[in-house]
Amino acid sequence: MMLALLVALPFLGICLPLLAARHGRSPCAAAAALAPLLGLILLFFLGPPVFAGATLKSGSPWLPELGLSLSLRLDGLGFLFALLILGIGILVILYARYYLADHEPMGRFFAFLLLFMGAMLGLVLSENLLLMLMFWELTSLASFLLIGFWHHRSDARRGARMALVVTGGGGLALLAGVLLIGHIVGSFELSEVLVAGEAIRAHALYPAALMLVLLGVFSKSAQFPLHFWLAQAMAAPTPVSAYLHSATMVKAGVFLLARLYPALSGSDWWFYPVSLSGLATLLLGALTALFQHDLKGLLAYSTISHLGLITLLFGLDSDLANVAALFHVINHATFKASLFMAAGIIDHETGSRDMRRINGMWKYMPHTATLAMVASAAMAGVPLLNGFLSKEMFFSEILQQNLLGSFHWLLPVAATIAGVFSVAYSLRFIHGVFFNGEPGDLPRPDPHEPPHYMRIPVEVLVFLCLLVGILPDWSVGPLLAVAASASLGGELPAYSLAIWHGFNLPLAMSAVALSGGVLVHVLRQPLLRWYEGLPDLDAQALFRGGIGVLVDFSRGLTGVLENGSLQRYLALLLGSVLVLAVFALAPLAEVDGPVALGPVDGIGTLVLGALALTGLFGAAFHRNHLAALLVISGSGLLVALVFARFSAPDLALTQLAVEMVTIVLLLLALFFLPERSPPESDSLRLLRDLLLAAASGILVALLVYAVLTRPYESIAAFFLENSLTGGGGANVVNVILVDFRGFDTLGEISVLAIAAVGVSALLHGLHLPHPPVDRERPRSADHHPLILRQLARALLPMAMLLSAFLFLRGHNLPGGGFIAGLVTAVALILQCIALGLSWAGARLRFSFHAMAAAGLLLAALTGLGSWAFGRPFLTSAFGHFSLPLIGDFELATAMLFDLGVYLVVVGAALSILCGIGHVGRDAPRGEVS
Amino acid sequence: MEALFAISLGMLTASGVYLLLRARIFPVVLGLTLISYAVNLFLFAMGRLRTGVAPVLGKSAGHGDPLPQALVLTAIVIGFAMTAFVVVLALRGLGELRSDQVDGKRSER
């Protein structure tokens, strides 16, 4: 519970800075710092058992079917990272308070920062791998938002996009890897995954799972060859660079290496990719950092290089190297965050980050300079500072390995070279910025010390560098021990955090690195010239080129598939459906099934033959719209006959009523549309369409025949048996609609009501001109013929009576809400047609929309009513009543539901048709209005 | 009878598909209508074609399958709503684009 609160705190705190932003910058920063401060206190309360070696767990299931649970764990490793996230987070908030300018939206900045903080805490405290993955992606998103914080700058937008593409893509690979691990282990819970290392390594899928996980790790921790995004991410505000892109987020990858160390390490599959990628990153990062002119660029490549160092240590596959890696995680977070902050101060004070222009800052800001120099010395690995200790451990570990066989000398040599470069760029940072003559022309000519509070975070971090560097065992010893033992999942190897180990090879390597670094710095001018002469290999340009090729390709593909022609889409769609259907039906050896055919009778033959013919005629004469409509309405009526013939009276009635409404609808539409289609010239297209149509027809015919000649099983018996006893009705179809499957019906009438609303929205503000009157066939001058008028008026009461009759008997005999509603709708529309919309409108004084809504409400309330009696939604009750003349009949609550259906049908149908009728109303009086 | 039913449905579908692929909006709407007839009949036929066995208890000795019928009943009504929506969409398109070509192209009319 406490763990969940710990993770939830930053998320809960997101709104605080947003709310406090209007009260000024300090309240805003204080509000933002509240959640991490509380979190830190909570973390300290949870600390003692963790330091005693316990693993705190809490959790509840989320989607147990998928193996996803909301389970969290806090062990030494999680504690170390949570401490870094919260501690540095608070310092960064304080720093950002002074870094951001007045006019910048500070509330939003802190909200993003807290979002990131929560995601990162969730990542390091997850017990469930899928949950961790979710937080992992959330950190990528937060990083995207923070890099793009200055969204008016194109480099920020580009950097944000690139970071999202690379880390998000890596996240997808990680997802696949995690799913494979889950498949191998049978669980996504870390406590089970971590003890299953043997089983994982023995599994055939182990290499695939490992490579996918590593892809995620390398993308997140900016390992070669996926390192390029980190340099572009430096477009972010400096507090973000200090926090996300040096201290925490980029450590998520190495965190995962530490976390899954017991499960995945211990094979060549682990050693070669991890250590070689780490080594390449270490060297490449250090070398590139040396030649950066941008302050943050230097720090970014140095971060890449240090991340490579950590990865290399994990790749060495020894317990001691693991300890060294975690130690370096701590040290790097402290000195690099403080260096970024110092760089931000210099940028803030001088307005520039170009080291060719910023020189001699010692004079202007001695305090900041001292801090930055101590932190740089830590980065270079100068004794008495924390960087020295972990670098010594690194050197001694790299001497221990013998995995490369006769090339075992390669790693120590490469490590020493990287050390040389690291010293050289640290020197360049100090010497170039703080000494080396006078400043060039700076955008802000008068640099001075920043506000005192802006320096405090740097001071704290630099103090930690010194403390750890001088008193390692006393300060960081217990934390490192508990974190390393959690990462290793077992006994800690023997190690000592002392400053002095005597004269040995690692010390000699350090000495070589230091003196070599000085030498390189002295020779920097020719080296820089040499670097300038190198061909410019811009990762950003390569990346953009790659993305451009992808975009062009997909645009070309889209252009082919999606040229804006509905006919093309439909043809493609139907074609692919046909292909898929043929594939799916291929296993069907024979079309003819075992069931004997029913007898052919005259009526059936006639009706079905006529149905087919009307369809064909409709297609053949489609260019004359009115004729085609009339023929196809004939098909509709014949369909009703087919239903009637094959024992479906309800369907026949429904089809009949719907057909009438549809004819009115289509006639209305035809009033506005042209009467004819012009001939289509392209005979090739005609051939294509005919082929598609014929193929679809043949496929459907074969499919129907194949189904109908095969035996079938149905759940019909249940409905037939329970209709009377359970639903109180003899008309099983109606009972299914209003009772057994009432929830479906509720959904369906909702669709109907939504369609009516959609139609109204589409018609809103639509005015169509009346089409020109055809000379050859003038429209009738008599808008409301007398006979139709009289008949319509006489028909109304009869139709309403029929409707009521159909409604009341619906539960036991063919009829019901749908049919009664349609009959009512037909009767009312007839009034509108015969007597005019304005005449009918004056008498139908209610809104059809309200009617449909009332029906929906009634149906839903009837359903809810059964809750009052402690029954599930839409349980019906019924009883028998008798009325004079009508006789014995039943009243069921289902009837109320059916009444709702009735109201929705009437309301929806009338609102649609009258809506269309109104479209041409302001024009001269036409057919309808 | 089943063979005849299948052929009839096939022809209905073929006509519907052909109309669906026309370039003017009204035939497309008619094509949709024809296809929805075919689909409704297809779904209905999943309960098999039997005569004189309406699923109304007490009216006949045997009873057909009521479930496809209930499904098709709502499908018919929703089919109307869908047709109405498409028609109104077409009218709106006519109003905005002054064309009844399915891609909104102005014709030479």
Side-chain angles (χ1 to χ4, degrees), chain A residues 564-567 570 597-598 600 604 608 611-612 615-616 619 622 625 628 632 639 646-651 654-655 658 662 665 669 672-674 677 680 689 693-694 696-697 700-701 704-705 708 714 716 719-720 724 730-733 736-737 748 751-752 755 758-759 762-763 766 768 818 912, chain B residues 1-15 17-24 26-27 30 33-34 37 41-42 45 49-58 63-67 69-70 72-74 76-78 80-81 83-85 87-89 91-92 94-95 100 102-103:
Chain A
S565 162
L566 181 71
Q567 288 170 285
L570 283 174
L597 299 185
V600 177
L608 286 172
L611 180 61
L616 287 182
H622 74 270
H625 292 168
I632 283 171
V639 169
F646 295 112
S647 325
D650 282 280
L651 291 190
T654 315
Q655 178 69 38
V658 163
T662 309
L665 171 80
F672 298 104
L673 289 166
S677 294
E680 276 163 283
D689 295 351
S696 321
V700 166
V704 171
Y705 187 74
L708 291 184
S714 167
F719 296 111
L720 293 170
L724 261 181
N731 181 4
V732 188
V733 175
I736 291 177
L737 282 176
E748 278 145 359
V751 172
L752 203 59
V759 164
L762 277 175
L763 289 175
L766 177 66
L768 286 174
F818 276 109
I912 291 170
Chain B
M1 186 51 72
E2 278 80 359
L4 202 61
F5 185 83
I7 293 169
S8 184
L9 229 58
M11 287 170 123
L12 219 52
T13 313
S15 314
V17 167
Y18 178 75
L19 285 178
L20 200 64
L21 292 167
R22 295 305 89 209
R24 300 287 151 172
F26 196 75
L30 290 183
T33 315
L34 276 185
Y37 292 155
L41 283 174
F42 179 78
L49 305 173
R50 294 162 67 194
T51 51
V53 285
V56 179
L57 301 177
H63 300 294
D65 194 337
L67 196 59
Q69 297 196 15
V72 171
L73 200 152
T74 50
I76 293 173
V77 181
I78 290 194
F80 162 71
T83 310
F85 195 83
V87 161
V88 171
L89 204 59
L91 288 182
R92 184 89 209 189
L94 185 69
D100 71 326
V102 285
D103 306 332

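In the text below, chain A, chain B and the rest are named by the order of the sequence lines, each starting its count at 1. Scope of the values below: all heavy atoms of this structure, side chains included, with no hydrogens, waters or symmetry mates.
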**Report entry** Exam field: side chain Q567(A) to backbone L21(B), donor-acceptor pair closer than 3.5 Å
**Finding:** yes

Query raised in the report: Checking S647(A) side chain against R50(B) main chain: does a donor-acceptor pair fall under 3.5 Å?
Result: yes

Query raised in the report: If we only count heavy atoms from C-beta on, is the V732(A) to Q69(B) side-chain gap below 4.5 Å?
Result: no

Requested in this report: May I ask you to name which of Y37(B), F42(B), F5(B) has the most heavy-atom pairs under 4.5 Å with chain A?
Outcome: Y37(B)

Query raised in the report: Which heavy atom of M1(B) sits nearest a heavy atom of F646(A), and at what distance?
Result: CG-CZ, 3.9 Å

**Report entry** Heavy-atom closest pair, residues L616(A) and M11(B)
**Finding:** CD1-CE, 3.4 Å

Query raised in the report: For L19(B), is it the side chain, the backbone, both or neither that has a heavy atom under 4.5 Å from a heavy atom of chain A?
Result: side chain

Requested in this report: Please report the shortest heavy-atom distance between I76(B) and V658(A), naming the atom on each side.
Outcome: CG2-CG2, 3.6 Å

Report summary line: Given L34(B), L9(B), I7(B), the one with more heavy-atom pairs under 4.5 angstrom with chain A than any other is L34(B)

Query raised in the report: Any sub-3.5 Å donor-acceptor pair from T13(B)'s side-chain atoms to V700(A)'s backbone N or O?
Result: no

**Report entry** Residue pair L611(A) / L12(B): nearest heavy atoms and the distance that separates them
**Finding:** O-CD1, 3.7 Å

Report task. Give the minimum heavy-atom separation between H625(A) and P27(B), together with the two atoms involved. Result -> NE2-CD, 3.7 Å

Report summary line: Interatomic distance, CG@L673(A) vs CG@D100(B), rounded to 0.5 Å, equals 6.0 Å

Requested in this report: May I ask you to name which of L49(B), L89(B), V87(B) has the most heavy-atom pairs under 4.5 Å with chain A?
Outcome: L49(B)

Query raised in the report: Between A45(B) and L708(A), what is the shortest heavy-atom contact and its length?
Result: O-CD2, 3.2 Å

